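A short write-up of the structure that comes next.
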Amino acid sequence: MSEKSLNFIEHIIEEDLANGLEKDKLRFRFPPEPNGYLHIGHTKAIGISFGLGLKYKAPVNLRFDDTNPAKEEQEYVDAIKRDIKWLGYQWANELYSSDYFQQLYDWAILLIKEGKAYVDSQSSEAMAEQKGTPTQPGVDGPYRNRSVEENLDLFNRMKHGEFEEGSHVLRAKIDMQHPNMLMRDPLMYRILKKAHHRTGTDWCIYPMYDWTHGESDYIEQISHSLCSLEFKPHRELYDWFKEQVYKYQPEALPMLPKQREFARLNLSYTIMSKRKLLKLVEEGIVSGWDDPRMPTISGLRRRGYTPNAIRKFVETVGVAKRDNVIDVALLEFCIREDLNKTAPRVMAVLDPVKVVITNYPEDKVEWLEAENNPEDEQAGSREVPFSRELYIEKADFKEAAGNKFFRLKLGGEVRLKNAYIIQANHVVKDANGEITEIHCTYSEDTSKKVKGTLHWVSIKHALKAEVREYDRLFMDEAPDSHQDKDFMDFLNPNSLKVVEAFVEPSLQDAKIGDRFQFQRLGYFNVDTDATSEKIIFNKTVGLRDTWAKQTPKLKQPTPQNAPKPQQQRKAISVIQQLGKKYTNYPEDKQAKVKAEILELAKQVTYDELEPLFGTAVKKVGTRIAAVLILKVMLDTGLERNEAINEFIEKAKTDTNQLLVDEASNL
RNA sequence: UGGCCUAUGGUGUAACUGGCAACACGUCUGAUUUUGGUUCAGAAGAGUCUAGGUUCGAGCCCUAGUAGGCCAACCA
């Protein structure tokens, strides 16, 4: 059994188990708000909680956090359930926070009676002002000390709809001076005269997140409530509410859930905010939540991603507490890895040029055997038609090219996949000089060694198909991380390219969702828009292409190389970095680095330098760097002092010759 | 002018206090190949944010910094 190393959450659980928590008390939950579609970021949270459920054979509840009737809709509930199921996870119970409205209300009454909650009747502006700021404490509001009787009366009338929205709220009475702003008398209830997707018009007060979420965990006796990092400050409040409520029924509900937070998933070149994704949908930038360019589960599904690949992906990214940006290349690796093993191979030409095989009889057709998947012996084979006139990719032919070009060129030979070897003899061009036909001759000897193999389709047998090729939606690595620019500024105008392609006839019967590898091109699946008349493919992902990397791309000035989302580093820290490895470099590189350090040194102040004098003896490189900086400073008029002299003397007696040399130079 | 969290190759995650640090992606070689795919073999790349300290020994413990993130919705 291969012991995979545990992530920090698993460590916590193991520790709890070791401290006496019974294994069958473990219980998790995934708590989406039904106000949008699930995206790849949620998959991490899903993978964590459901994964833990699988690992410990513990139940995982699907609980919709539906406390805001203004935003939540049944459509989203359905979509979320569909997506989780599609990913292959099973929840123990389908639950709703709204199921607990009555219980929550009853507990709120008890809290009021204890003097732990009160009705505030100010405007939200007034309350916000009293709340202070992160750096300034808040002050008590005028209604903070209402009597229990008055609070009870008011809260009761709130519930019965006697007041307008915004006129009163129920707040927990904690501490307006608390350093954690969430503890400054947080709201528990607001008046909302809106119909709820489940409770209809039963309620006109609705509980807030903090009050609802923790208590829902508690009611369900969740052992570990896992959420993303931004809820860390909420934990204190989560615990406060939990402790208040616990004393009302410690025997019936003994488990106090534990909230722990992990860093959410970020993917390079994409956005993950539901609000922003909604904007793309609403503004028609994409065709809907399931547009294949969207990072939603439904978008990825339509694009051709498999549940397997997505699960593997979230497993691979790991779980920790630091902010991260995952390279989309990892996601692409996961889907290629899966599809390589499972997708049947077919031939399709996306950008055709005609090939005429002049020594092949006009009417002859041969059906040649083609392997369905070299990675899967069970996959069997099919037959593809070969005839005199074929299409190959334009990019697979050049009139003249060097010998690193393995494809077809005039006078050169190339193998046609599953068929013969052909030689290009001459080309026919139109008035614009565009090649319209490539005339070739074929040879039936297929045993010959030739470097290149091309895919092709027989023109008269080929099916026309629409192919939708996608590129990233955004051209920036982190489109929503720029304070001065809107994420919409980075939209890629060429994220969708529709081409008319020619595919082999076996694809006639392909059904919606079917996945294929178009040989040498990539993985494609049949889009939901396909009809019996018109077949439509989505490009899921291209094959790895080491050839494309070598050919200098004449594309747009690669935005990838543009300034990283890092801020300018201080010269001193750059020098330290350079210095560290100084002694490891060969001489020429050493000279280069030295020049760089001397240049940077001009921006360093003496105050920044002095701490480096104490650098540990073994860090020779850093000390050399310090000597170099010092040299620049002395040259520009710095007066020697005791610290400097001491440092120089110490350097001169070092065992490292480089250091001694530099120090002696001073 | 406060509280909380985080810091390990380009990226993401590991490392029971004990060997100048492991795995995956990415990058680069080479071999194989009727997919410039796959597979296989290999390489480069990290003094673990900085400076002190404790220790025979520190990525891990202590102190002080630095940098980044989160917190002021009747949202979740």
Side-chain angles (χ1 to χ4, degrees), chain A residues 4-7 31-33 35 65-68 70-72 123-124 127-129 131-138 165-166 168-169 178-182 184 187 189-192 206 208-210 212-213 227 229-236 261 263 268 274-275 316-327 329-334 336-337 340-341 345 347 371 374-375 404 406-407 415-419 421 446 450-455 517-522 543-550 566-567 569-570 572-573 576-577 580-581 584 611-612 614-616 618-619 621-622:
Chain A
K4 252 194 82 187
S5 58
L6 305 179
N7 65 47
E33 183 190 8
N35 70 340
D65 234 331
D66 57 347
T67 60
N68 186 353
K71 288 189 183 173
E72 294 147 9
S123 67
S124 57
M127 285 191 282
E129 192 154 325
K131 204 155 200 170
T133 70
T135 56
Q136 281 172 309
E165 287 187 11
H168 303 276
V169 292
H178 203 286
N180 181 348
M181 291 202 66
L182 288 157
R184 322 235 259 233
L187 266 63
Y189 279 93
R190 77 287 214 192
I191 299 169
L192 242 33
Y206 289 92
M208 301 290 291
Y209 166 82
D210 286 294
T212 311
H213 190 94
C227 60
L229 236 39
E230 67 268 29
F231 290 98
K232 177 67 219 281
H234 292 253
R235 184 149 115 197
E236 202 169 8
E261 311 80 13
S268 62
K274 273 199 238 179
R275 205 197 84 238
T316 311
V317 299
V319 183
K321 285 166 84 160
R322 53 176 158 169
D323 293 328
N324 60 78
V325 182
I326 311 290
D327 195 337
L330 182 62
L331 219 208
E332 294 180 347
F333 165 80
C334 292
R336 284 191 192 109
E337 189 187 40
N340 175 50
K341 285 182 237 145
R345 297 331 83 142
M347 292 197 284
E371 205 179 2
E375 304 297 317
K404 278 179 75 182
F406 301 163
R407 287 112 103 137
R415 184 187 300 278
L416 293 177
K417 180 84 186 167
N418 306 312
I421 289 171
T446 57
V450 290
K451 190 71 181 160
T453 301
L454 306 186
H455 61 277
Q517 184 196 95
F518 288 1
Q519 285 197 103
R520 303 212 303 134
L521 297 176
L543 253 29
R544 257 184 97 228
D545 191 350
T546 46
W547 167 245
K549 269 185 243 170
Q550 291 166 35
Q566 255 179 15
Q567 42 82 251
R569 291 174 63 198
K570 277 189 163 175
I572 185 77
S573 85
Q576 277 176 282
Q577 184 96 43
K580 274 179 193 174
K581 302 171 66 184
N584 300 346
L612 294 190
T615 302
K618 69 173 179 180
K619 297 184 181 173
T622 306

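For the numbers below, each heavy atom of this structure counts, side chains included, while hydrogens, waters and symmetry mates do not. Residue numbers start from 1 in every chain, and the chains themselves are labelled A, B, ... in the order their sequence lines are given, proteins ahead of strands. Quick caveat, the model's predicted, so the values are computed rather than measured.
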Ignoring hydrogens and geometry beyond distance, is the side chain of [X] in donor-acceptor contact with the base of [N] at under 3.5 Å?
X: A:Q136; N: B:U1; value: no
X: A:E375; N: B:G37; value: yes
X: A:R544; N: B:U38; value: no
X: A:R407; N: B:G36; value: yes

Nearest listed nucleotide, side chain of [X], among [options]:
X: A:N7; options: B:C25, B:U33, B:A14; value: B:A14
X: A:R520; options: B:U35, B:A24, B:A72; value: B:U35
X: A:M181; options: B:A72, B:U34, B:C25; value: B:A72
X: A:E230; options: B:C25, B:C70, B:U38; value: B:C70
X: A:I326; options: B:A72, B:G36, B:G12; value: B:G12
X: A:K321; options: B:U6, B:G36, B:A76; value: B:U6
X: A:T135; options: B:C70, B:G2, B:U6; value: B:G2
X: A:T453; options: B:A72, B:G26, B:U34; value: B:U34

Contacts of A:D327 and A:L416 projected onto RNA chain B by closest heavy atom; the upstream (5') one is A:D327
Taking for A:D323 and for A:L330 the nucleotide of RNA chain B with the nearest heavy atom, the one nearer the 5' end belongs to A:L330
Compare side-chain N and O positions of [X] against OP1 and OP2 of [N] and report whether any pair is under 4.0 Å apart.
X: A:R184; N: B:A72; value: no
X: A:S124; N: B:A73; value: no
X: A:K232; N: B:C70; value: no
X: A:T546; N: B:G37; value: yes
X: A:R190; N: B:A76; value: yes
X: A:K549; N: B:U27; value: yes

Please classify the nucleic acid contact of [X] as base, sugar-phosphate, or nothing, using heavy-atom distances under 4.0 Å.
X: A:V317; result: sugar-phosphate
X: A:K404; result: base
X: A:E33; result: sugar-phosphate
X: A:S268; result: nothing
X: A:H178; result: nothing
X: A:V325; result: sugar-phosphate
X: A:M127; result: base
X: A:Y209; result: base
X: A:Q517; result: base
X: A:N180; result: nothing
X: A:L543; result: base
X: A:P32; result: nothing
X: A:Y189; result: nothing
X: A:R336; result: nothing

| said: Ring-plane angle category for A:W547 and A:F406, please: parallel below 30°, perpendicular beyond 60°, tilted otherwise. | reply: parallel
Say whether A:H178 and A:R184, considering side chains only, have a donor N or O and an acceptor N or O under 3.5 Å apart.
no
Here the distance between atom P of B:U33 and atom CZ of A:F406, to the nearest Å, is 13 Å
Rounded to whole Å, CD of A:E371 lies from C1' of B:U35 at a distance of 11 Å
Using centres under 5.5 Å plus planes under 30 degrees as the test, is A:W547 stacked with B:G36?
-> yes
